[in-house]
Number of protein chains: 2
Amino acid sequence: MAQVQSLERSLSIMEYLARDPAGASVAQLSQEMGLAKSTVHRLLQTLMARGYVQQDQQYGHYQLGVQCLTLASHFLGQLDIRNLAKASLMQLSKDSGEVVHLCILDRNEAVYIDKVESQQTLRMYSQVGRRAMLHCTGVGKALLVGFDEQQVERLIQEKGLPRFTDTTITEAKQLEDEIKQIRQQGYAIDEQEHEKGIRCIAAPIFDYEGKVSAAISIAGPIERMTKERVQKDLPSVMLQHSQLLSKKLGYRGCSKSTQMISGESLR
Amino acid sequence: MAQVQSLERSLSIMEYLARDPAGASVAQLSQEMGLAKSTVHRLLQTLMARGYVQQDQQYGHYQLGVQCLTLASHFLGQLDIRNLAKASLMQLSKDSGEVVHLCILDRNEAVYIDKVESQQTLRMYSQVGRRAMLHCTGVGKALLVGFDEQQVERLIQEKGLPRFTDTTITEAKQLEDEIKQIRQQGYAIDEQEHEKGIRCIAAPIFDYEGKVSAAISIAGPIERMTKERVQKDLPSVMLQHSQLLSKKLGYRGCSKSTQMISGESLR
DNA sequence: AAATGATGTTCCGTATTATGGAACGAAAGG
DNA sequence: CCTTTCGTTCCATAATACGGAACATCATTT
C-alpha cells in the first residue's frame, strides 16, 4: 500500500507522454497533472538523463526516449513463451500467408508480444506492444477461455462491451455462450467483430497448471480469409500448433476450469 | 543537475532487472545497490502496482512487467522515420530475401527500431530494441558517417574497439579510413566483422539538416550473401532506398559534414 | 520436530529529500 | 516595444522517502 510519490508521478508523466506522439511541454504536463512546473521539470530532467525521455530537437517538446525500448526488448527476451512459440508462428505464417500474432493477458486486455508479417501487400495494422480489448478480438476471446463467470462479469463492469462493428458481441449472455463454445472447440473465430473486413482465427495456449498463458491467431482480409477457409481449413492447423505449444509448457490435459477437446498430439 | 533520488534508484532497479532474464529478489537487489531492503521493497511495490515490474509466479522473483512494452510501443509509434521507412524495408526484404533492419543512433550505440524477417529458415538472431556497437556492424558504420574525428575519438575512448572476429576493425586509423570510404560510396559493408558467417550491407539516411538520422541494412549468411552479390548487386538497390528515404526526410544533397554521391533520384 | 537461517513484508521515528512558490531569462506573439 | 508564455534556477519548508528493527514466512538442517 505504501507508494513512492515521486516515482508514481514520474510514471504518470511517461504514460502521459505515451498518449501523445508529439510529446508535451513542461507547462502542459504541470497543468494536466496539477503539479508545480519545477516539480515536473525536475522529474523530466532525471528521466532524460537516463534516456527514458528525450526532447524533440525542433520544438523542445518532451517525448519518450530510447531507453523505454531497451527495457521492453529485455522484457520480451525474458518471456519463455515467445521463444517457444517462434517456430509455430513462422510455420503458421508460411502455411497461411497471413499475419500471425502471439498475445498474453494483462489487466483485462490482450497484449501483442510477437507477430510474423504476411508477405501479402494488403496487411493489417498491428504492432508488438499494442493492446486490444478481449470481447472483440480473436486472441481476446481465446484468452477469455481462462476466465470464470465472475471474472467475465468484472471485465464487463470495468471495460464494458463497446461496439466496433455490427458483429461485435455486446451482450453479456452472448459473450458467456461464445466463451463456452470456444472452450469446447479449442479455438475462437473473430467474425469482423473489431474491424470490418478482417476475419481471424485464434487459439488459447495452456501452461502446466492448466491456466491460459497466451493465445495465437491468424488474421487477414475477408477476401482471402473466407468463411469456408476459417471454418474448415484453418482450425486443424491452429489446434495442432496450440496443442503443441501447450504441451511444451507442460500442459497435460484437463484441469478444473478447462475441458480440452479431442485432437491427437502430433509428431 | 538536480536529480530525484527515488526515481534514479527505481530506474536502476529496472535496469538491473533487465540484465537478468530470471529477475531478482529483494535481497539481491538491496545488496547489489546498497539500499535497505525496505527501500527496495517500497520502490518495487510502486513499480509493480503500475505494471512495470511483475513477480514471477513460481519463484516470486521480481522481473520487468508488461507496461515496459506498452511504453516502448508508443515510443516506436512516435518515430516518423519508422513509418516512412516501412515500405522500403518490405521492398528490400522481398527483393533480397534476407533480413532487413532499421536503426537509429543512441548514446554511441546503434539501436534496432524495426526489422523485416527473411523468409529463409536460416536466419540471424536480432530483435527490435537491441543495441549493437558501431565499429563492427553495417548499420553502426553507416551511422558513423555522421561523426566527425573528435566524435570518433570519443567513441573509441568510451567503448574501445573490441574484436569479435578476425575481420573486426580494431585500429582507430582503420576505422577513420573506413568511414571516409563509406561517406564517399554511400554504403557500408560488414564483412563478418561482428559475427562469423554473417555478411551485411548498410546505408545511412540523412534528414533535412544533412544529419544522419538512421541506417538501413540487409544481412544474411555468407552462403547467400556472397561477396559478388554484396559488392555488385546490392549497392544499387541499397542506395536507391537510402536516397529515397533521405529525400522523404527533406534532405537536399550536400551539407557541411557530408558529401553525397552520384545516384539519380528515382520515381 | 525443533531450530536455524534467509527472505519478504510491515511499522515507525527521523532528517534527508522532494516539493512548490517566486524570481529570473528567454523566446514567442501582438 | 511591450506583453505574455514558457523553461529553468533557487531556496526555505515540511512532507516524504528513508533505513533500522521487528515481524512473518518459508526452506533447510540437525
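Since this is a predicted model, take the numbers as computed values, not measurements. Proteins get letters first, then strands, A, B, ... in listed order; numbering begins at 1 in each.
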Worksheet entry | For A:Leu105, side chain to side chain contact (heavy atoms under 4.5 Å, CB included) partners two or more places apart | A:Leu134, A:Leu143, A:Phe147
Fill in: Atom pair distance, as rounded to whole Å: CD in B:Glu32 and C1' in C:dT7
16 Å
Worksheet entry | B:His61 NE2 - C:dG8 C1' separation (whole Å) | 12 Å
Response to the item:
Across all chains, not counting sequence neighbours, the ring-ring contact (aromatic ring centres under 6.0 Å, His included) partners of A:Phe164 are A:His194
Worksheet item: So, the side chain of A:Gln55 versus the backbone of A:Tyr62: is there a donor-acceptor pair under 3.5 Å, distance only?
Response: no
Worksheet item: Sequence neighbours excluded, which residues qualify as salt bridge (charged side-chain N to carboxylate O under 4.0 Å, His left out) partners of B:Asp106?
Response: B:Arg131
Practice prompt. Say whether, by atom type as modelled, one donor and one acceptor occur between the side chain of A:Ser30 and the main chain of A:Ala36 under 3.5 angstrom.
Written response: no
Worksheet entry | Partner set under salt bridge (charged side-chain N to carboxylate O under 4.0 Å, His left out) for A:Lys180, not counting sequence neighbours | none
Practice prompt. Look at A:Tyr59 and D:dG7 and indicate whether a side-chain polar atom (N or O) is within less than 4.0 Å of OP1 or OP2.
Written response: no
Fill in: Contacts of type side chain to side chain contact (heavy atoms under 4.5 Å, CB included), residue B:Leu76, not counting sequence neighbours
A:Leu69, A:Gln127, B:Leu79, B:Arg82, B:Ile113, B:Val128
Discussion item. Test: salt bridge (charged side-chain N to carboxylate O under 4.0 Å, His left out). Region: residues 53-68 of chain B. Which pairs qualify, not counting sequence neighbours?
Written reply: none
Worksheet, complete the sentence: The salt bridge (charged side-chain N to carboxylate O under 4.0 Å, His left out) partners of B:Lys248 (sequence neighbours excluded) come to none
Practice prompt. To the nearest Å, give me how far apart CE (A:Met33) and P (C:dT19) are.
Written response: 12 Å
Worksheet item: For the pair made of OH in A:Tyr62 and C1' in D:dT8, what is the distance, rounded to whole Å?
Response: 8 Å
Discussion item. Taking only side-chain N and O atoms of A:His41, does any of them lie within less than 4.0 angstrom of OP1 or OP2 on D:dT8?
Written reply: yes
All N/O contacts under 3.5 Å from nucleotides 27-30 of chain C to the protein, with atom names and distances to one decimal?
none

Worksheet item: Do any pairs count as a salt bridge (charged side-chain N to carboxylate O under 4.0 Å, His left out) and have a residue in residues 140-160 of chain A, sequence neighbours left out, and if so which ones?
Response: A:Glu109-A:Lys159, A:Lys141-A:Glu178, A:Lys141-A:Glu193
Worksheet, complete the sentence: note: A:Gln31, atom CD; C:dG20, atom P; distance rounded to Å ~ 15 Å
Worksheet item: When the distance from CD of A:Gln45 to P of D:dG7 is rounded to whole Å, what number comes out?
Response: 12 Å
Worksheet item: Is there a residue in residues 16-28 of chain B whose heavy atoms reach under 4.0 Å of DNA chain C, and which residues are they?
Response: B:Ser25, B:Val26, B:Ala27
Fill in: nucleotides 16-22 of chain D: protein proximity per nucleotide (B base, S sugar-phosphate only, - neither; heavy atom, under 4.0 Å)
SSBBB--
Worksheet entry | Partner set under salt bridge (charged side-chain N to carboxylate O under 4.0 Å, His left out) for B:Glu8, not counting sequence neighbours | none
